[in-house]
Amino acid sequence: LGLRGKVAVITGASVGIGLAVAEGLAAEGVKIVMAARQGERLDEAAAAVSRKHGVRTVAVACDVATAEGATAIVKSAVDAFGRVDVLVNNAGILRDKTFLKMEESNFDAVVAVHLKGTFLVSQAAVKQMVLQNEGGRVVNTTSVSGMMGNFGQSNYAAAKAGIYGLTRTMSIELQKHRITVNALAPIAKTRMTEDLPMFQTTGDSLTPDHVAPAALFLASDLCGDRTGHVLAVAGAQMYIYKVVQSAGKFKDENGVWTAQEIADNWDAIAKV
């Protein structure tokens, strides 16, 4: 996989998908910087990963939604290991409510952690990767909600859709630096999602362990030069999300469409 001896930064790493990804990377000999808000739980998780896989880990308790937190994560990696090769943006929170009942504070909090946090930590890590001039891998986390929408998750869906756009733009801009940027769209039962109705009957069919190999693939040489993709994981199923443009329809003689003509030709305009 070409990962042994490399350095990976993982946010939201104390539990769930982040911890499973840390385990998977550590098993390949990767040195891990594990970041999360929970200091005690994070320290325990980092120590357990280190003992199990015989690699050095560093725990960083911080808020990814602040520039100070993002900078601290990358500085810890450089101070401990001298470099950053892989970044997995996984930190997240939920504050679900229907659109008409959504408070501004809950909208802001979710967007700050998911979207702003992904931006801030990515920017700090990528600046270090560019300095190293050896390429790198960034793995962001979007979601089915961000791609398709979901009842009661206007804040979360907006943040995750933003991460899709951010991933696409980063992938375009960072190709010249040989840094690939892809995203996961996982469906998994974690501490954050376990109370949602859809996870009440899933048992062990949708776990973080199903998601970790996808992150491992995107972080490794197996990914090659693939960039700008969204790899979705739902238990044993993997698939790709992409924005698709319909073939569209031209108005005769390049004229200006009327609203009525759009209605009359909707099926042809929308046909993929």
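Below, each value reflects all heavy atoms present in this structure, side chains not excepted, and no hydrogens, waters or symmetry copies.
The shortest side-chain heavy-atom distance between Arg226 and Phe217 falls under the 4.5 Å cut-off. A 4.5 Å side-chain heavy-atom check between Thr169 and Ile172 finds every atom pair outside the cut-off. The side-chain heavy atoms of Glu23 and Lys52, taken from C-beta on, include a pair separated by under 4.5 Å.
The local environment of CH2 in Trp257 is crowded, with over 12 non-hydrogen atoms from other residues, nucleotides or ligands closer than 6.0 Å. In Asp225, the CG atom is not crowded: 12 or fewer heavy atoms of neighbouring residues, nucleotides or ligands sit closer than 6.0 Å. Surrounding NZ of Lys127 are at most 12 heavy atoms belonging to other residues, nucleotides or ligands under 6.0 Å away.
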After noting the C-alpha distance and the side-chain angles of Leu25 and Ile10, does the key distance pass the side chain to side chain contact (heavy atoms under 4.5 Å, CB included) rule?
-> CA-CA 10 Å; Leu25 288 170; Ile10 307 169; 3.9 Å; yes
Decide side chain to side chain contact (heavy atoms under 4.5 Å, CB included) for Val138 and Met170; before the verdict, give the C-alpha distance in whole Å, the side-chain angles of both, and the deciding distance to 0.1 Å.
-> CA-CA 9 Å; Val138 178; Met170 288 173 62; 4.1 Å; yes
Verdict with supporting geometry, Val113 and Arg37, side chain to side chain contact (heavy atoms under 4.5 Å, CB included) = CA-CA 11 Å; Val113 173; Arg37 283 183 173 179; 3.7 Å; yes
Are Leu19 and Ser14 close enough, and set up right, to give a side chain to side chain contact (heavy atoms under 4.5 Å, CB included), and what steps lead you there?
-> CA-CA 5 Å; Leu19 180 55; Ser14 61; over 6 Å; no
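Taking both residues in full, the closest heavy atoms of Ala20 and Asp209 are given as CB-OD1, 3.9 Å, listed atom of the first, atom of the second, then distance. Shown here for Gly69 and Cys62, the closest heavy-atom pair between the two residues is O-SG, 3.8 Å.
With hydrogens and angles ignored, the 3.5 Å screen pairs a side-chain donor or acceptor of Lys160 with a backbone N or O of Thr141. Checked by atom type and distance alone, the side chain of Asn106 never pairs as donor or acceptor with a backbone atom of Met102 at under 3.5 Å. Judged by distance alone, with hydrogens and angles left aside, the side-chain atoms of Gln128 form no donor-acceptor pair with the main-chain N or O of Ala125 at under 3.5 Å. Between the side chain of Ser171 and the backbone N or O of Arg168, at least one donor-acceptor pair lies under 3.5 Å. Judged by distance alone, with hydrogens and angles left aside, the side-chain atoms of Ser50 form no donor-acceptor pair with the main-chain N or O of Ala46 at under 3.5 Å. Between the His114 side chain and the Ile93 main chain, a donor and an acceptor come within less than 3.5 Å of each other. In this structure a side-chain-to-backbone donor-acceptor pair under 3.5 Å is missing from Thr167 to Asn182.
Side chains of Arg137 and Thr180: a donor-acceptor N/O pair is present below 3.5 angstrom, by distance only.
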Residues 227-248 side chain polar contacts: donor-acceptor under 3.5 Å, at least two apart:
| unit_1 | atom_1 | unit_2 | atom_2 | d |
| --- | --- | --- | --- | --- |
| Thr227 | OG1 | Val181 | N | 2.9 |
| Thr227 | OG1 | Val181 | O | 3.3 |
| Ser246 | OG | Ile269 | O | 2.7 |

Under 3.5 Å donor-acceptor pairs involving side-chain atoms of residues 72-88, not counting sequence neighbours:
| unit_1 | atom_1 | unit_2 | atom_2 | d |
| --- | --- | --- | --- | --- |
| Lys75 | NZ | Asp79 | OD2 | 2.7 |
| Ser76 | OG | Ala72 | O | 2.8 |
| Arg83 | NE | Asp85 | OD1 | 2.9 |
| Arg83 | NE | Asp85 | OD2 | 3.2 |
| Arg83 | NH2 | Asp85 | OD1 | 2.9 |
| Arg83 | NH2 | Glu134 | OE1 | 2.8 |
| Asp85 | OD2 | Val7 | N | 2.9 |

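For the atom pair CD1 (Ile17) and CG (Asn90), the distance works out to 6.0 Å, reported to the nearest 0.5 Å. For the atom pair CG of Leu216 and SG of Cys223, the computed distance is 11.0 Å after rounding to the nearest 0.5 Å. Atom CG of Leu94 sits about 8.5 Å away from atom OG of Ser145, to the nearest 0.5 Å. Atom CG of Asp221 and atom CG of Leu3 lie 6.5 Å apart (nearest 0.5 Å).
Between Glu28 and Arg4, no side-chain nitrogen of the basic residue sits less than 4.0 Å from a carboxylate oxygen of the acidic one, so the salt-bridge criterion is not met.
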